[in-house]
Amino acid sequence: MRTSLRARAAGCCLRACLVLLPASTFAFAQDATYLEVRVGSATRQMGAAELGALPQTEIVEARTVGSGAAAQSGERRYRGVLLRDVLDAAGIGALDRYALRHTAIVARARDDYVVLFSWGELFNASLGENVLVVTSVNGKPLPANEGPYALRSLSDTKPGPRHVKWLRRLDVVTVPKPAPGL
């Protein structure tokens with residue numbers, strides 16, 4: 001009988017101890033207040049103040065959900081910084097102009113979801129005017145399931161594949177040229 005009381009007491013203590021642990025001890029409680037941008041060998045941390053100091057853009061997206069008589073239309077107002085302005089601020093312009101032609105931008109989410117853009121898409125095509133590091137939607141901060149920063153490519157035919165929630169890092173990667181004759 002004594003051992004069963006100890007077991008029950010130990011279980012109560014264990015539950016109480018788990019409740020008292022701070023959230024910072026768990027892996028999901030990471031500091032996500034900065035966007036890391038890597039250009040060449042340089043890494044830059046960009047927080048809300050630095051992103052707020054860059055030119056702000058608002059893009060209105062009209063949506064229709066459903067079809068026929070059940071269709072509902074609405075709009076969403078995305079506000080933030082164009083991806084190309086973030087990359088300019090991080091120093092992409094310092095790269096060799098010929099190397100830029102075979103450069104990719106890798107956007108990574110906290111869960112390692114990855115999307116790609118070419119330098120040409122962002123800086124040499126109209127798509128670049130609609131790729132946004134989003135900081136608010138409809139005048140409010142991003143919802144908790146999106147994180148402090150998200151990335152949206154609002155000109156894509158299908159917007160889902162290049163929608164990065166919990167955006168945490170941008171990597172600028174130059175693809176090496178093949179050796180002559182290959």
Nearest 0.5 Å, what's the OG-CD1 distance between S118 and I105?
-> 7.0 Å
Indicate yes or no for a side-chain donor-acceptor contact from R168 to the backbone of A109 under 3.5 Å, with no hydrogens or angles considered.
-> yes
Minimum side-chain heavy-atom gap Y149-V86 below 4.5 Å = no
Search all heavy atoms of G91 against all heavy atoms of V39 and return the closest pair with its distance.
-> O-CG1, 3.8 Å
Name each donor-acceptor pair under 3.5 Å that joins a side chain in residues 122-143 to protein atoms two or more places apart or in another chain, with its distance.
residue, atom, partner, partner atom, Å
N130, ND2, S155, OG, 2.8
T135, OG1, R79, O, 3.2
N138, OD1, R77, N, 2.8

Does R44 have any side-chain contact (heavy atoms from CB on, under 4.5 Å) partners at least two apart in sequence or in another chain, and if so, which?
-> M46, E50, A89
Taking side chain as C-beta onward, heavy atoms only, is L35 less than 4.5 Å from L170?
-> yes
Verify, without hydrogens or angle tests, whether Q56 (side chain) and L51 (backbone) share a donor-acceptor contact under 3.5 angstrom.
-> yes
Answer whether the closest heavy-atom distance between the side chains of P148 and W166 falls below 4.5 Å.
-> yes
Verify, without hydrogens or angle tests, whether D96 (side chain) and Y98 (backbone) share a donor-acceptor contact under 3.5 angstrom.
-> yes
Might you point out which heavy atoms bring H163 and Y113 nearest each other, and give the distance in Å?
-> O-CE2, 3.8 Å
Around Q72, counting heavy atoms of other residues, nucleotides and ligands shown, do more than 12 lie under 6.0 Å from its CD?
-> no
Locate the shortest heavy-atom distance separating L167 from A107; write the atom from each residue and the value.
-> CD1-CB, 4.0 Å
Looking only at atom types and distance, does a side-chain atom of R162 sit under 3.5 Å from a main-chain N or O of L116, one as donor and one as acceptor?
-> yes
For D111, what residues pass the side chain to side chain donor-acceptor pair (under 3.5 Å) criterion, not counting sequence neighbours?
-> none
Between E61 and Y78, do the side chains contain an N or O donor and an N or O acceptor separated by less than 3.5 Å?
-> yes
